Amino acid sequence: MNLATLLAHSSLIPGGRHFFSQVHMVASGNVIRRNATSTELKSATNQVLFQELDSDPATHLRGTLVSPQAFAGQQQVTDAAVNWVADAYWQNASGNPITEFRTRWTVPQPPSTQTNQLIYLFNGMEPDEQNPGILQPVLQWGVSPSGGGGFWSVATYYVAAEGPAFSTEAILVNPGDTLDGVIRLDSQDANGFNYIAQFAGMPATALRVSSAHELVWCYEALESYGASADNSYYPASPETAFTAINVQTATGNPALSWTPETGGSNNGQRVGGINNSPTFGEVDIFYR
């Protein structure tokens with residue numbers, strides 16, 4: 001498949017480029033189920049809405065797919081790789097699963113240059129190695145499969161590294177609004193770990209993943225596409241402070257040590273202001 005065809009049939013989500021047919025909207029009550037051979041989306045009544053077998057990515061059952069028409073007239077940005085511009089990470093090696101990872105941040109001012117860029121800000125969690133996928137409450141600027149436009153909006157995503165992606169519908173938020181991104185271990189059983197992620201106080205952003213591998217990597221991240229020309233494509237605010245970071249396990253709050261990194265189409269964006277408190281920590285991401 002040539003680049004033009006790829007761009008015409010795909011979009012950029014938190015986690016990189018996915019084909020439209022791989023991105024699925026999640027309604028209230030739906031559950032994403034991971035297992036050794038497939039990924040499924042099930043309704044509240046346990047009806048299989050979508051299934052993708054690991055051995056056959058073309059296996060699809062009924063379900064609501066994101067339509068290319070949703071992007072009609074929207075110029076596609078051309079970044080192909082996952083473009084984490086600045087982030088900080090920490091791995092839980094305590095031997096006790098994380099029961100909650102919570103972060104607070106403020107919706108920044110809009111970019112002064114507004115074209116077709118995509119800006120994603122989120123706290124997220126990933127497993128160690130097997131069956132990789134990131135679970136993340138996301139603040140976004142721009143048009144994505146979850147919706148959005150030339151304004152800030154929020155949605156929760158679950159994105160498999162090589163496979164389907166799932167999203168709640170984007171909800172408009174305003175500069176100055178306070179957000180609390182929460183990822184919580186709902187339960188654990190013989191099939192794996194059952195998680196729920198959402199923005200606190202916004203039930204429509206709740207996304208459930210069951211039978212997953214344990215999520216052990218925590219991130220505070222800035223991801224962007226089509227914003228590398230200059231810093232005016234980033235929020236007009238000087239920084240976003242991820243604050244009130246709280247990580248809990250069943251035995252208490254583990255010791256944290258955030259590692260900053262930069263990459264992707266970086267134009268001076270960076271991480272600073274790290275506070276490793278496990279109950280009221282902070283990671284600041286600067287835009288210029």
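The model shown is predicted, which means the values in this text are computed figures rather than measured ones. One-based numbering along the sequence shown.
In the model, Ser228 has no side-chain atom that pairs as donor or acceptor with a side-chain atom of Asn267 under 3.5 Å. Side-chain contact, Tyr287 with Thr240: a donor N or O sits under 3.5 Å from an acceptor N or O. In summary, the side chains of Ser277 and Asn275 do not present any donor paired with an acceptor at a separation below 3.5 Å, with no hydrogens or angles considered. Side-chain atoms of Glu126 and Tyr219 form a donor-acceptor pair, as typed in the model, at a separation below 3.5 Å.
Remark: the backbone N or O of Glu40 is not paired with any side-chain donor or acceptor of Arg34 at under 3.5 angstrom.
Residue Val182 shares its hydrophobic cluster (ILVMFWY side chains chained together at separations under 4.5 Å) with no other residue.
Contact annotation: the side chain of Leu222 approaches that of Tyr234 to within less than 4.5 Å [non-hydrogen atoms, C-beta and beyond].
Hydrophobic clustering keeps Val107 apart from Phe286 (ILVMFWY residues linked when any side-chain heavy atoms are closer than 4.5 Å, directly or through intermediates). The hydrophobic cluster containing Val247 also contains Phe193, counting ILVMFWY residues as joined when their side-chain heavy atoms lie under 4.5 angstrom apart, directly or transitively. The hydrophobic cluster containing Leu185 does not contain Val31, counting ILVMFWY residues as joined when their side-chain heavy atoms lie under 4.5 angstrom apart, directly or transitively.
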Donor-acceptor pairs are to be reported for all side-chain atoms of residues 164-179 against protein atoms at under 3.5 Å, with residues two or more places apart or in another chain.
{"residue": "Thr168", "atom": "OG1", "partner": "Thr156", "partner atom": "N", "Å": "2.9"}
{"residue": "Asp177", "atom": "OD2", "partner": "Asn174", "partner atom": "N", "Å": "2.8"}

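With ring centers used as reference points, Phe101 lies 6.0 Å or more from Trp217.
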